[in-house]
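All remarks here apply to the structure that follows.
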Amino acid sequence: MKALAPFAAALCLAALPLVLPQYWLTLMNFTGLAAIVVLGLVLLTGVGGMTSFGQAAFVGISAYTTAWFTTQAGLSPWLTLPLSLAVTASAALLIGLLTLGLRGHYLPLSTLAWSMALFYLVGNLPQLGSHDGIGNLPPLSIAGHVLGGRAFTWLTWGAVGLAFLSARNLLDSRTGRALRALRGGRIMLQAFGADIRRLKLLVFVHAAVLAALSGWLYAHMMRFVSPTPFGISAGIDYLFMAVIGGAASLWGAIIGSGAVVVARDLLQDIVPGLTGATGATELLVFGLVVVLVLQRAPGGITGRFAPPPRLPRAALSHDATPLPPRPAMTAEPLLAAQGLTRRFGGLTAANDISLSVEKGRILGLIGPNGAGKSTVFDLLTGVTVPDAGRVLLAGQDITDSKQTAIARAGLARTFQHTRLRGDMTLLENVAIGAHARGGCGALASIFRRDRAEEARIFATARAQLQRLGLEARAEVLAGQLSQGERRTAEIARALASDPTVLLLDEPAAGLRHAEKQHLASLLHQLRAEGLAILIIEHDMRFLLDLVDRVVVLNFGQQIAEGTPDEVRANPAVQSAYLGEGEA
Amino acid sequence: MSALLQVSGLFAGYGQVEVLHDLTLEVPTGSVVAIIGPNGAGKTTLLKALAGLLPARGQMALDGMPLAGLSVEARLSHGVSLVPETRELFGDMSVADNLALGGFRHRRDRAGLARDLQAAFARFPRLAERRAQYASSLSGGERQMLALARAMMSRPRLLLLDEPSLGLAPLIVRQVLEDVAGLREQGISVLLVEQNARAALKIADLAYVLEGGRITASGPADTVAQSPRVMESYLG
Amino acid sequence: MNGMIAALLAQDALTSGAIYALLAISLVMVFSTTRILLIPQGEIVSLSALTLASLEAGHVPGTLWLLGLGGLVVAGLQALSGQIRGAVLWLAIPGAIIAATRLLAAHDLGAAGRMTLTLAICAPLSVIMYRLAFRPLARAPTLVLLIVAMAVHVLLTGFSLMVFGPEGFRTRPLLPGTITVAGMPLRLQALVIIGTAAVLLTAMALYFGRTLGGKALRATASNATGARLVGIRPEAAGEVAFLLAGLIGCISGMLISSMTTIYFDTGFMIGLKGFMAAIMAGLGSYPLAAAGAVLIGGIESYASFYASAFKDVIVFALIIPVLIWRNMIDSRNRDEEEE
C-alpha cells in the first residue's frame, strides 16, 4: 500500500493539468521550475551545509546559453539542452574549484559576490542584449507540435520528477551518506577516506545542473530572457523556498516552492491596491515569514507537519556477502613512528617520540592530560604533519600523506569524543566506515547502478555490528544510543574499513565497569585476529591489564617504554603520571 | 558546618546523551571538596551544570536558594564562579583587562574594583609583572593563576575549579593547590575537580568519587584516600 | 589621466571609503560580539537617508510606522515575560519620538534638528531588529543567523519600498560648495564626511580601549564563554552592539544621502561594500577593516572612471580573491569545525 502512494501521487499530479484552468497551469509551471532549483539547494544547503544565494545565477547561465544559441546560431532547443547543462556545469565546476574551500561565512558571501558580478556583467554586455535581454526564443516543439499549455506543464513536472529521483537516489548511496555527514563531520569523513573537496564539488555541480535544467525550461517557456529573474533577489528567493518548505527535505523543496509561488501570486493580486508599490508587500511578507519559520519551525512546513524524514533505504538484498578483505600486509612492524617531533609556536607538543606496533599486539600510550598523546595521535593519522621524524605503515612511508590516503592504506581510528551522526541510524554510521572500500560514484548512484555494492557495504556494516554484539540496535538512530553503545559503534565503524592498524582514542572513557570488561574482551579478540592496536587510555588499571607494551609520555617527552610491569615499577612514571612527589 | 551548596537528584548531559545520573552531593560552608574519578566520568559536566553552562534536571541550592533555571550570569551574581578546564581567558586582551572584566558585575563600585585589582596583584605578583601583556602570551601556570584571579574578582562564595593542575609542572601544581587551600581562610568554599587525585585529596576536607556519571564513594578526604579501591584506581 | 582628475578621484575614494569604513567597523563589531553578519545594516543606511530626505521635504517620515510597530511588539513581548518596566519604556520612548516627529515635521528644524530627529527614529530600529529577529535565535548555528539576516534585509527593503516608493531622494549637503586648495577643488561636504568619520572612528577606538563597557564587548568577541563566566550577558552585549551599529548606520546614511541619490534598495549595495572591507579584515580587526574600506572606495572610484559600466562587476569579482586570501590566513589559525 505504502509503496503505491508515490505512484498514486504522481498519477494525480499528471491528471491535474487536464482539469485545471490555464491560470493554475501557469502557477504549476512556475512551481515546477522553482522546485527543480530548490531540490538542488536542499542537497547543497539543507543537507550539505553549504549556503548558496547564487543558484539563480546558474539558472541564468543556462537560460542565456540556450537563448544565445537558439537565436544567434539557430540551434534547436533540444540541442541546446545538453549544451546549456554542460556550460552551466563547467561554470559551476570553475566557481566551485575556486570557492568551495571557503569556510564558515566566507562561502555564502562568495555566492553573493560571484552572482552579483555575473548579474552586472550580463546586464552590461551588448552581445547579450544588456539590460533588455534576448527575445524571440523558439518554443519547444516535437515534430512541429509546439509544447504549450498542458504539454509544457507535463514536461516541467516530468523534469521535477527526474530531479527528485536524482536527488533521492544520490542521498541513498555511499556518496549520499558522506554528504549527509558532511556538516560538522569533516574530520570523521576524512578519517574514513572520503575526499571532502570532491564531495563538495560534486553536490555543487549537481545543484547547478538542476538549476540549469530549470533555466532551459524557463527560457523556452517565456521565450525571452533578461538579467532580472537571475539576480540576487531571485537567488535569495530560492533559498527562502527551501527554508519555508523545510531545508533538509526533498518534499519540502516542492512544497516550499509551491507555497511561495502561490502566495506571491495572491499577494500581487490582492495587496497592491492597498499600498501602491508593486512588489513591496511580497518582500515584506516573505522576509517576515522566513524569520518566523526559522524562529518557530526550523524544519519548515514539512518539519512542522511530518516527522523528520527518515531516509527510506531502497530494499537491498540481505544475503549479500561483505566486501572482500584487503590483502594481508606482512611487513613488520605494521605501524612504526621514528623520532616524531611537533612544535606549536614555542611549545614542543611532542619531542622525539618513537614507537612500533606489530601484528597481533596492543600498544598502550599513556601520560597525564596535556602530555602530548593527542598530538602523537594526530601525527600518526595525518591530521598534522611532524616537524621531524617519520611514520611507517607496514614499511610504507606515510609521514606526509594526507589523512584520506592514510585511511585508505589501512589505518583506522576512533574518536575520544564520539563522532557519530545522531540523525543517521547506527547501521548507516557504521557503513560510513566502509566508504573507501566502495567504488561507485555519484552517477552510478543517481542511476541506481550501485545497488549490488550498496548491499555488500551494508552486509559489511551488519557483520561488524554482529561481531560487536550491537546488531539488535542497527536501525536505531545513533543519537539515541547510550554512551557505551556509542563507544562500541565507533569501533564497529573503524572495523568496517577493514583496517590493518586500529588506533583507539580513550575508548573506555565514560564507560562503567561492566562495559569496560566487555571492551577489554573485545580488544583481546581483535588482537587474536591479528590486528595491530594502539590505544590511548587514562584508566591505568584497564590499560595495563590489556596491553603488551606501553609508551609513557609527559610534557611531550617519551619518559618510558616497556611491558606493563616494567612501567609500573618505573619511578619516573610514578612521579609523572600517578601524582606528585612521594610515590 | 551547614551546607553552602546542596545538590540532589541531578541529571545532566549533552544533547541526547546523559552523562550524570542522579547525583547527590554537598559542599559545606568554608570547605574544599574534591571530586575525583577517571576521565569521562562526568566531572567537568558536573561543574558546567552547576555553573549553568549546561542544562540540568534536579535540585541545586546555594544557601537554600534554588539555582535551577538560573543563567550563568545570575548564578555568578549569587556567588557561584567557575574556573573551567579550558580557562576561557580573553586571549587578545591584557592581563589587567582580564582581571578588570572579572569584576564586571561590580562595575558600579569603582573604588572596590580598584582595591580588588590591587589585592589580586598582591596575591599573584607574577601577574602584576605581566599586567600589560596579552593573556595569550602567558605560560600555562600563569594562565591558571590569571583564571583563578579573574574568578576571585567576582567575589565568589563558591568557586568551582576544574583541573587547576592541568598541564602544570609538579612544583607549580603544589603552589596552585596551596593557593586553593588558602581560599578557605577567606570564607570561600571550593568544589575542586582534579585528576591529580593524590594532591587533591591532600588539601580537601571532603571527597566524592565519580565513576560513569554516578557517585561511587564519598566521605572525609583522608578516609577516601585510604580506601583500597580508590588507591588502586587513582593513586597507583 | 591628469593630476586634476586623479585628485578628484582620490577625493571620491576617500569620501566613499570613509562611509564604507564606518559600516565595516560596525559590521565587524556586530559580527564579533554576536556572530551575526548584519546584512540589513544597509537598510538602516537607506532608511535614515530617506527619513532625512522626508523631513527636509516637510513630511512625516514613514519610518515612524516601523518604529511604532516594532516598539509595540517589543513592549508586548516584554509584558508577556513579566518585565513591566521594560514594556513601559518600549512604549514610552518610541511613542515620544513619534509624537515629537509628528509635531515638528511641518516646521523648519534646521539641519541639526532634522538629523537629531532622524537619529532618534532610525537608531532604535537596529535594537528592535536585534530583539525581534536575532535574540530568539542566539543559540542557532551561524548560517541560520545569516539566512535570518538576509530575511530581515528583504523585509526592510519591502518596507522601504512600501513607504518611500521607488523614487530616489537626495538631501541637501550640510556644507554646500567647494573650496580650492593648491589649485584643487575640494567639496566641502566631502570634508564633512571624512571629518565625521574620523571623529566617530576615534570615539569608537576610545570606547573599546578605555571603558569597561567597551572592553566587555571585546571580551564577548574574544571568548563568549569567558564573558558569560564573568557576568557579561550575551544579550546585553548584543543589544549594545546593535545600538552602536544603528547609530553608525544612521549617521552614514545621513552623510551619504547628500552625495548620491538614495533609493529604497541602495543601502544593500553600500552595505555589501562595507562587508567586503570587513571581510578583508577577517571580520575581526577594526584597523584593517577601515583600511580595506578606503581601498574599496579607491577601486570603485577608479573603476567608475575607466570602465563605468563594469564598476560593480569589478568590485564584486574582486571579493573572490579577497575571500580566498582571507580564508588561507584564517585556516592557518584555527582548524575546528562547527556541528
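The sequence lines fix the lettering, A, B, ..., with proteins before strands; numbering per chain opens at 1.
The structure places NE2 of A:His105 at 5.0 Å from CG of C:Leu146, a figure rounded to the nearest 0.5 Å. Distance check, rounded to the nearest 0.5 Å: CG of A:Leu109 to CE of C:Met276 gives 10.5 Å. Annotation: the span from A:Trp114 atom CH2 to C:Leu323 atom CG amounts to 12.5 Å, rounded to 0.5 Å. Note that CE of C:Met162 and CG of A:Leu284 are 5.0 Å apart. Values are rounded to the nearest 0.5 Å. Atom CG in A:Leu112 sits 8.5 Å away from atom CZ in C:Phe316 (nearest 0.5 Å).
Only the side chain of A:Phe53 comes within contact range of chain C, with heavy atoms under 4.5 Å apart. Both the backbone and the side chain of A:Leu102 come within less than 4.5 Å of a heavy atom in chain C. Of the atoms belonging to A:Ile95, not a single heavy atom falls under 4.5 Å from chain C. In this structure, chain A has no heavy atom under 4.5 Å from any part of C:Ile314. Within the 4.5 angstrom heavy-atom criterion, only side-chain atoms of C:Leu137, from C-beta onward, approach chain A. Of the atoms belonging to A:Val243, it is side-chain heavy atoms, and not backbone ones, that fall under 4.5 Å from chain C.
The shortest non-hydrogen separation linking A:Gly104 to C:Leu143 is O-CD2, 4.2 Å. Of all heavy-atom pairs spanning A:Ser110 and C:Ile320, the tightest one is O-CD1, 3.8 Å.
At a threshold of 4.5 Å between non-hydrogen side-chain atoms, the residues A:Phe240 and C:Val154 count as touching. Between A:Val291 and C:Phe134, the closest side-chain pair of non-hydrogen atoms is not below 4.5 Å.
The greatest number of non-hydrogen atom pairs below 4.5 Å with chain C, out of A:Thr99, A:Leu121, A:Ile232, A:Leu107, is found for A:Leu121. For the set C:Val144, C:Leu132, C:Ile147, the entry with the most heavy-atom pairs within less than 4.5 Å of chain A is C:Ile147. Contact count against chain C (heavy-atom pairs under 4.5 Å) is highest for A:Ala117 among A:Ser115, A:Ala117, A:Ser233, A:Gly49.
No donor-acceptor pair closer than 3.5 Å links the side chain of C:Asp312 to the backbone N or O of A:Tyr120.
With a 6.0 Å radius and a threshold of 12 heavy atoms from other residues, nucleotides or ligands, C:Trp325 has its CH2 atom above the threshold.
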